[in-house]
Amino acid sequence: MSVVLSYTLIFLTFIYFIVSIILLVGTVRLKKKTKPSDSLPYVSVIVPAKDEEKLIAKCLDSLINQDYPADKYEIIVINDRSIDKTPDIIRQYQENHNKIKSIEIKANTSGLTGKQNAVNEGLKLSKGEIIMNIDADCIATPKWIKKTVSHFTPETGLAMGFNITYSNEYRIFAELQSLDMLFLMDSASGSVGNNVYSSCAGSNIAYRKEILGDQGHQKLGLSVTEDTAVIHLVSKSPNWNVSVVYDKDAMVMTPAEKSFKGFITQRIRWTLGGLASKSWILLPLYSVFLYHLGLMILIPIAFFVDSLAKVVLCSYITKLIIDYIRCRHICKSFDRLELMKVFMVYELFMIFYSVVIGFGSLFIRKIEWKGDTYDVFKIKDS
């Protein structure tokens, strides 16, 4: 039995190593071929907001103070059925800033998720050639618009940016989430570098308005990960490609989850959105889940079974080395090397949470998100 387990772990370690190298090569390739443009297209920034009274002011301040010509962009804020003071805050900002437009949503009868419907309403009002999406609880860096649009060539249909979490409390947990966010987004970028479009962050994404056309998000169907749905739509078109804004000046700050339950719920929602694609791209994700599951089971057993000890130790060291190289590479690129101090904890954290999410994705039937509940099977079939 131990021989079978050993060979299985060796095989999964090999797969993990190969996938990691491919992703690392993909990110390096992206950096080399990036040639920023000097064009200044008109941009519509769409901000869906639901019960964000505590954070929306910081978001709007960051958008108003962008290092981009004032006559070249507009901000469209959509109040999606908020029951707090969000509408009042939006109204105050609109009265003081001409570039801000607002939409009030009283009910969602579109058949889309709340966020999809909100963005869709914003698209109808938008005038921009380029649409940029950001969540109302996020903060954009001053050069966010300028740096993002500079990555659009005539062939670029979508540009994906990077997010990083922030928090004034729960410091270690927030740092683990920051490192994890960079690691995951670097993986998505590495995929793009290898011409495989997997996922992106909906709170830092830009795309040409013509991608969705008059149908808007109705073209995508119901999805709790509308960002993934958009990038998959672009991947199916021979006319467009995807660019990655591998630039610290184009980052978006997003608040860290305060609880492990909230973190797991968020990651399960992301996973289920990806599973809805039913693509071969999911195969590496399954292999990573099995690899982490194997380590989680075999590491404790290895203390009592000598024949497994060396294999498990070598496997774990291999993972540490390749993950360290990738984490340091992405942290250095975004001037966040201080996050490497939690790397050893993050490795154990990654193994544990990925197994929890893997099993959770198998048994979760409904997703609660921003006060709405969505049926997983309907999402998968849409």
Could you state whether V47 and Y73 fall into the same hydrophobic cluster, counting links through intermediate Ile, Leu, Val, Met, Phe, Trp or Tyr residues with side-chain heavy atoms under 4.5 angstrom apart? yes

Which label fits F173 and F263: parallel for a plane angle under 30°, tilted from 30 to 60°, or perpendicular past 60°? perpendicular

Under a 4.0 Å threshold between the charged nitrogen and the carboxylate oxygen, would D247 count as salt-bridged to K143? no

Could you tell me whether the side chains of K319 and T13 share a donor-acceptor contact shorter than 3.5 Å? no

Please examine the side chains of S354 and V288, heavy atoms only from C-beta on, and report whether any two atoms are closer than 4.5 Å. no

When you measure from the side chain of S44 to the backbone of K127, do you find a donor-acceptor pair of N or O atoms at a distance under 3.5 Å? yes

Of the options I139, V149, N204, which is the one that meets W144 in a side-chain contact (heavy atoms from CB on, under 4.5 Å)? N204

Are V25 and R29 close enough, and set up right, to give a side chain to side chain contact (heavy atoms under 4.5 Å, CB included), and what steps lead you there? CA-CA 6 Å; V25 171; R29 185 182 297 163; 3.8 Å; yes

Would you say the side-chain atoms of D71 and Y42 include a donor-acceptor pair closer than 3.5 Å? no

Membership question, hydrophobic clusters at under 4.5 Å side-chain separation (ILVMFWY): are I351 and L184 in the same one? yes

If we only count heavy atoms from C-beta on, is the I211 to L158 side-chain gap below 4.5 Å? no

Can you check whether G190's main-chain N or O pairs, donor with acceptor, with T27's side chain at less than 3.5 Å? no

Are any side-chain N or O atoms of T141 and backbone N or O atoms of D249, one a donor and one an acceptor, separated by less than 3.5 Å? yes

Main-chain N/O of V311 paired with S315 side-chain donor or acceptor, under 3.5 Å: no

A140 backbone acceptor or donor facing S62 side chain under 3.5 Å: yes

Tell me if a side-chain donor or acceptor on N79 pairs with a main-chain N or O of S102 at a distance below 3.5 Å. no

State, yes or no, whether a side-chain contact exists between I205 and M132 at a heavy-atom distance under 4.5 Å. no

Look at the side chain of D186 and the backbone N and O of L182, then say whether any donor-acceptor pair between them is shorter than 3.5 Å. no

Stepwise, does the side-chain hydrogen bond (donor to acceptor under 3.5 Å, both in side chains) test hold for S203 with N163? CA-CA 8 Å; S203 54; N163 286 15; 2.4 Å; yes

Please lay out, stage by stage, how M160 and I231 fare under the test side chain to side chain contact (heavy atoms under 4.5 Å, CB included). CA-CA 9 Å; M160 52 180 282; I231 198 172; 4.2 Å; yes

Please confirm whether the backbone N or O of I145 pairs with a side-chain atom of Q66, one donor and one acceptor, at under 3.5 Å? yes

Through direct or indirect side-chain contacts below 4.5 angstrom among Ile, Leu, Val, Met, Phe, Trp and Tyr, which residues connect to I83? none

Are L337 and L24 connected in the hydrophobic side-chain network, where two residues link if heavy atoms are under 4.5 Å apart? no

In terms of heavy-atom contacts, T165 and M181 come closest through CG2-CE, 4.0 Å

Under 4.0 Å between a side-chain nitrogen and a carboxylate oxygen: does that hold for R91 and D88? yes

N117 versus A107, closest heavy-atom pair with distance: ND2-O, 4.5 Å

Minimum heavy-atom separation for I46 to G122, with atom names? CD1-C, 3.7 Å

Salt-bridge present (K54, D137; N to O < 4.0 Å): no

I131 reachable from V77 in the ILVMFWY side-chain graph, under 4.5 Å edges: no

Residue pairs fulfilling ring pair (Phe, Tyr, Trp, His ring centres under 6.0 Å) with at least one residue in residues 307-337, sequence neighbours excluded: F162-F334, Y246-F334, Y324-F343

Any cation-pi pair here, R208 with F152, using under 6.0 Å and within 45°? no

Atom of L5, atom of L298 and distance for their closest heavy-atom approach: CD1-CD2, 4.0 Å

Any side-chain heavy atom of I21 within less than 4.5 Å of one from F17? yes

Expected output: side-chain T8 to main-chain V4 donor-acceptor under 3.5 Å: yes

Take a 6.0 Å sphere around CG of N96 and say whether it holds more than 12 heavy atoms from other residues, nucleotides or ligands. yes

Residue pair N239 / V234, side-chain heavy-atom distance below 4.5 Å: no

With a 4.5 Å limit on heavy-atom distance, are the side chains of S126 and E74 in contact? yes

Once you round to the nearest 0.5 Å, how far does CE of M253 lie from SG of C59? 13.0 Å

Which atom of V244 lies closest to which atom of S189, heavy atoms considered: CG1-OG, 3.3 Å

Evaluate the side chain to side chain contact (heavy atoms under 4.5 Å, CB included) criterion for residues V43 and K72: first the C-alpha distance (whole Å), next the side-chain angles of each, then the deciding distance (0.1 Å), finally the verdict. CA-CA 6 Å; V43 175; K72 286 287 189 177; over 6 Å; no

Ring center gap for F349 and Y353 short of 6.0 angstrom: yes

Give, for atom CD of Q94 and atom CG of L60, the distance between the pair rounded to the nearest 0.5 Å. 10.5 Å

Quick check: closest heavy atoms across S287 and L12, and the distance to 0.1 Å? O-CD2, 4.2 Å

Taking only Lys NZ, Arg NE, NH1 and NH2, and the carboxylate oxygens of Asp or Glu, determine whether E129 and K209 approach each other closer than 4.0 Å. no

Using modelled atom types and a 3.5 Å cut-off, is there a donor and acceptor pairing between side-chain atoms of Q177 and backbone atoms of E257? yes

Please check if atom CZ in F260 has more than 12 non-hydrogen atoms from other residues, nucleotides or ligands closer than 6.0 Å. yes

More than 12 heavy atoms of other groups within 6.0 Å of K85 NZ: no

Tell me whether I325 shares a hydrophobic cluster with M340, the cluster being built from Ile, Leu, Val, Met, Phe, Trp, Tyr side chains joined at under 4.5 Å. no

Assess the residue pair S243 and T153 against the criterion (side chain to side chain contact (heavy atoms under 4.5 Å, CB included)); give the C-alpha distance rounded to whole Å, side-chain angles, the decisive distance to 0.1 Å, and a yes or no. CA-CA 9 Å; S243 176; T153 67; over 6 Å; no

Please tell me if the side chains of N133 and Y207 come closer than 4.5 Å, counting only heavy atoms from C-beta onward. yes

